[in-house]
Each structure stands twice: as structure tokens, then as C-alpha cells.
Amino acid sequence: MGEGVEISRRNFLRGRHKRGSGRVSPPGATAEGLEACTGCGRCVDACPTHIIRVIDDRPALDFFIAECTFCGQCAELCPEPVFTGRSQQFPHVAMIGESCLARNRTDCQACRDACPTEAIRFRPRAGGPFLPELNEELCTGCGACLSVCPVAAIGIREVEWERAHV
């Protein structure tokens with residue numbers, strides 16, 4: 001799992017992914033736990049940000065609606081052993097692509113403003129708008145930045161399993 005997998009917004013929504021399923025499960029849900037999922041939809045009803053969808057009888061997150069707040073409501077109302085704890089981080093981080101407005105000389109800092117952990121900062125650049133920088137150590141993978149990007153320049157990238165759970 002050491003190499004990163006880039007998921008563009010378009011391919012993320014279409015479920016196209018080079019490895020794995022291409023979908024993001026709710027925090028705390030494991031592959032083994034998802035086998036026990038009956039697709040009842042209680043997690044969908046429980047989610048305060050309405051980002052959980054049941055696709056093929058399994059829960060998946062849609063970060064293009066809003067972010068995951070790690071509230072744990074999905075885990076609390078799930079009648080099956082799908083969740084193994086209350087995770088506060090996903091095994092992926094945001095990645096800012098080249099179509100970013102700031103990288104193309106147009107001022108925009110929407111992702112920074114939306115990030116609850118301040119993982120996205122902007123550094124000054126002579127003669128142009130500030131440039132985005134992502135601090136992967138602070139990024140929880142919550143998806144807050146994805147839904148606010150006006151040009152869909154933000155995707156997600158898997159991180160090494162050991163690093164994601166340190």
C-alpha cells in the first residue's frame with residue numbers, strides 16, 4: 001500500500017479507481033465489518049451531514065456534498081458489527097491538483113477556509129496569488145475541501161497504512 005493512488009473528482013464519483021473499490025467507507029468501518037453490513041440504511045439516516053449513501057448494499061461517503069465530522073452517529077445506530085471504533089482520521093489525504101485556481105493565477109482560498117484542521121495553508125508568491133500547501137500530518141481526510149472547490153481541483157490520495165494510524 002506504499003504507493004499513492006490518485007483519484008480525480010470525476011473518477012471518484014464514477015467509482016473508477018486503480019486499486020480497491022474506489023469508494024470511501026464511513027470512519028471506523030473495516031472491510032471485514034462491511035461484510036456484515038445488511039444495507040439497512042440506518043447510517044444514512046443518522047448522518048448529520050447527509051454524505052452517506054448505500055451503494056450495492058454497502059455504505060459509501062460522498063465528500064462532494066459535505067465533509068465527515070467524525071461524529072460517530074453512523075456507528076452508534078448500526079445494528080451490525082460494521083464499525084470497530086471511533087476513527088478520527090481516514091487512510092487518505094487531500095491532494096490539490098494543477099487545475100487549482102490559485103496555481104493558475106486566480107485568487108481562491110476556499111479550501112483553506114473550509115478545512116477544520118487548518119491542514120491547507122497558502123504561502124505568498126511574488127507577482128501572483130498565494131499558493132496552496134497541504135500539511136498531510138494535519139489532514140484527516142474529512143473531505144471538507146472537496147465540496148467547496150469551484151473547479152474540482154481537489155481529490156484524495158491514499159496514505160501508507162502505518163502512517164495513517166500513528
Side-chain angles (χ1 to χ4, degrees), residues 5-17 20-97 100-101 108-122 132 134-159 161 163-166:
V5 175
E6 294 184 9
I7 304 173
S8 70
R9 181 178 182 149
R10 178 172 289 137
N11 285 340
F12 179 81
L13 288 171
R14 289 181 179 164
R16 294 183 184 161
H17 187 275
S21 67
R23 71 173 63 178
V24 177
S25 299
T30 64
E32 297 81 27
L34 288 171
E35 293 298 319
C37 180
T38 61
C40 70
R42 290 186 187 165
C43 56
V44 174
D45 297 335
C47 182
T49 58
H50 310 290
I51 63 170
I52 302 178
R53 304 281 179 257
V54 175
I55 302 169
D56 297 329
D57 294 327
R58 300 289 183 266
L61 302 183
D62 184 353
F63 289 132
F64 302 105
I65 295 172
E67 80 256 28
C68 177
T69 60
F70 301 102
C71 68
Q73 295 289 329
C74 53
E76 287 178 25
L77 291 179
C78 183
E80 305 300 331
V82 173
F83 299 89
T84 61
R86 197 155 182 179
S87 178
Q88 295 295 309
Q89 184 168 6
F90 288 100
H92 64 256
V93 294
M95 61 174 214
I96 303 169
C100 170
L101 290 174
C108 177
Q109 296 185 10
C111 56
R112 181 207 62 186
D113 296 341
C115 183
T117 61
E118 298 181 357
I120 301 173
R121 301 212 175 204
F122 281 74
L134 177 74
N135 182 335
E136 291 185 11
E137 300 299 318
L138 294 176
C139 182
T140 62
C142 72
C145 55
L146 277 78
S147 65
V148 299
C149 181
V151 293
I154 301 176
I156 57 175
R157 179 180 59 79
E158 292 179 1
V159 292
W161 181 257
R163 192 165 157 251
H165 295 285
V166 172

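Not counting sequence neighbours, the partners of Thr84 by the side-chain contact (heavy atoms from CB on, under 4.5 Å) test are Thr30. Taking Arg121 as the reference, Glu118 meet the salt bridge (Lys or Arg N to Asp or Glu O under 4.0 Å) condition, with sequence neighbours excluded. Taking the side-chain contact (heavy atoms from CB on, under 4.5 Å) definition, one finds that Ser25 meets it with Ala29, Leu34, sequence neighbours left out. Residues meeting the side-chain hydrogen bond (donor to acceptor under 3.5 Å, both in side chains) test with Gln88, sequence neighbours left out: none. Residues forming a side-chain contact (heavy atoms from CB on, under 4.5 Å) with Asn135 (at least two apart in sequence, or on another chain): Glu137, Leu138. Remark: Arg112 pairs with Gln109 by the side-chain hydrogen bond (donor to acceptor under 3.5 Å, both in side chains) rule, at least two apart or across chains. Residues satisfying the side-chain contact (heavy atoms from CB on, under 4.5 Å) test with Pro81, not counting sequence neighbours, are Ala36.
Of all the heavy atoms in Val148 and Ala110, the pair that sits closest is CG2-O, 3.6 Å. Minimum heavy-atom separation, Phe122 to Ile120: CE1-CG2, 3.9 Å. Between Ala94 and Cys139, the shortest heavy-atom contact is N-SG, 3.4 Å. Considering every non-hydrogen atom in both Cys100 and Val151, the closest pair reads CA-CG2, 4.4 Å. When every heavy atom of Ile96 is checked against every heavy atom of Pro132, the shortest pair comes out as CD1-CB, 3.7 Å. Scanning all heavy atoms of the two residues, the minimum distance from Ser87 to Pro27 falls at O-CB, 3.9 Å.
Distance CD/Glu158 to CE/Met95: 11.0 Å, rounded to 0.5 Å. How far SG of Cys68 is from CZ of Phe63: 6.0 Å, rounded to the nearest 0.5 Å. Note that SG of Cys149 is 4.5 Å distant from CD1 of Ile154, once rounded to the nearest 0.5 Å.
For residues 65-86, the pairs satisfying ring pair (Phe, Tyr, Trp, His ring centres under 6.0 Å) are Phe70-Phe90, with sequence neighbours left out.
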Which atom pairs, one a donor and one an acceptor, fall under 3.5 Å between side chains of residues 39-56 and the rest of the protein, sequence neighbours left out?
residue, atom, partner, partner atom, Å
Thr49, OG1, Glu67, O, 3.0
Arg53, NH1, His50, O, 3.2

